[in-house]
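Note sheet for the following structure.
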Amino acid sequence: MDFDLAPPTGVGLLRIGMTRHAANTALDSLRSLSAVSESDRPGQYVFRPSGLMISIHCMRDMLEAIELGRPLSQTDRVLFQGVDVFALSAREVFQRMGEFTSIEEDPDDDASFIAPDLLLSFWRPFAADDEPEEEQGYFFSSVLLARPGYYDPPAQAAEPLQQSS
């Protein structure tokens, strides 16, 4: 199954801004009933038979972010504008994403990247750009799609609340 990242809207049935209940229902629909993982945590994350992890992050009864973890097989793919974010090397994903938007190294983690205009972030445990044998560093391990303001520092995120008072 293909999972198309559609920032800032969401991924498939999971839509940023939907209620926690609706997000839980959508997440549950992504489980494979023929191979339910013992690792699943209803309302938090599911693992598909491919190994793809799909996680939801809710606050104030609202879906704020969706995270997808690299599958073990290609039966599930995570795509952005045709770019398979887990099948291509992190370096190639970075280069291809740069054709669509600005993407920058996370200032706190040189193995992670953020596309701030798209509210997408890409993570791997360490950088091993030239070592395909080091899968955990050569490929991205997860991608996170978030709501506007998700990456703002706490003081900046509180500003709109203070201005509306």
Side-chain angles (χ1 to χ4, degrees), residues 1-37 39-88 90 92-106 109 112-124 139-154 156-161 164:
M1 172 182 264
D2 286 352
F3 292 86
D4 291 306
L5 300 170
T9 305
V11 179
L13 298 174
L14 293 166
R15 300 293 194 211
I16 298 296
M18 69 190 332
T19 66
R20 177 184 298 273
H21 176 74
N24 290 345
T25 301
L27 180 65
D28 196 48
S29 76
L30 297 173
R31 299 171 87 197
S32 173
L33 297 178
S34 63
V36 174
S37 172
S39 298
D40 286 0
R41 304 273 320 254
Q44 294 180 338
Y45 53 84
V46 298
F47 285 87
R48 294 184 43 83
S50 68
L52 177 71
M53 182 271 305
I54 306 166
S55 174
I56 59 174
H57 305 271
C58 297
M59 282 188 70
R60 297 178 299 276
D61 195 41
M62 182 181 76
L63 180 61
E64 292 200 331
I66 305 157
E67 183 175 9
L68 297 108
R70 188 168 185 256
L72 303 172
S73 74
Q74 286 292 302
T75 54
D76 286 325
R77 300 183 317 155
V78 178
L79 307 166
F80 176 76
Q81 301 287 325
V83 176
D84 188 330
V85 302
F86 294 131
L88 300 174
E92 187 169 350
V93 170
F94 175 83
Q95 290 169 345
R96 301 262 311 265
M97 289 297 298
E99 297 170 11
F100 300 106
T101 190
S102 65
I103 185 166
E104 54 204 42
E105 188 176 290
D106 183 330
D109 182 357
S112 298
F113 296 88
I114 298 171
D117 296 340
L118 296 176
L119 301 164
L120 286 175
S121 65
F122 301 87
W123 178 84
R124 58 188 170 166
F139 297 100
F140 284 118
S141 297
S142 69
V143 61
L144 184 126
L145 183 150
R147 67 160 176 79
Y150 187 83
Y151 295 106
D152 292 348
Q156 189 176 349
E159 282 178 17
L161 297 175
S164 64

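These numbers were taken from a predicted model, which means no experiment stands behind them. The first residue in the sequence is number 1, and the count goes up from there.
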Next item on the list: Would you sort out whether H57 and L144 count as a side-chain contact (heavy atoms from CB on, under 4.5 Å), showing the intermediate values?
Entry: CA-CA 10 Å; H57 305 271; L144 184 126; 4.1 Å; yes
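- One distance of note links OH of Y150 with CE of M59; it measures 9.0 Å at 0.5 Å rounding.
- Paired with V85 under the rule side chain to side chain contact (heavy atoms under 4.5 Å, CB included), one option of F140, F122, F139 passes, and it is F122.
- Atoms OH and CD, from Y45 and E67 in turn, are 11.5 Å apart once rounded to the nearest 0.5 Å.
- Between the OG1 atom in T9 and the CZ atom in R147 there is a gap of 15.0 Å [rounded to 0.5 Å].
- With rounding to the nearest 0.5 Å, the separation of CG in L68 from CZ in R77 is 14.0 Å.
- Separation of atoms CD1 (I54) and CG (L30) is listed at 4.5 Å; rounding is to 0.5 Å.
- Annotation: side-chain contact (heavy atoms from CB on, under 4.5 Å) contacts of H21 (sequence neighbours excluded): T19, T25.
- When atom types are taken as modelled, the side chain of D117 and the backbone of T101 share no donor-acceptor pair closer than 3.5 angstrom.
- Taken from CZ in R96 to CD in Q81, the straight-line distance is 10.5 Å, to the nearest 0.5 Å.
- Within the 3.5 Å criterion, the main-chain N or O of S141 finds no donor-acceptor partner in the side chain of R124.
- P7 meets the side-chain contact (heavy atoms from CB on, under 4.5 Å) test with L5, F80, L118, L120, L145; sequence neighbours excluded.
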Margin query: Quick one, D106 with S112, criterion side-chain hydrogen bond (donor to acceptor under 3.5 Å, both in side chains). Give me CA distance, side-chain angles, the key distance, then yes/no.
Written below: CA-CA 5 Å; D106 183 330; S112 298; 5.0 Å; no
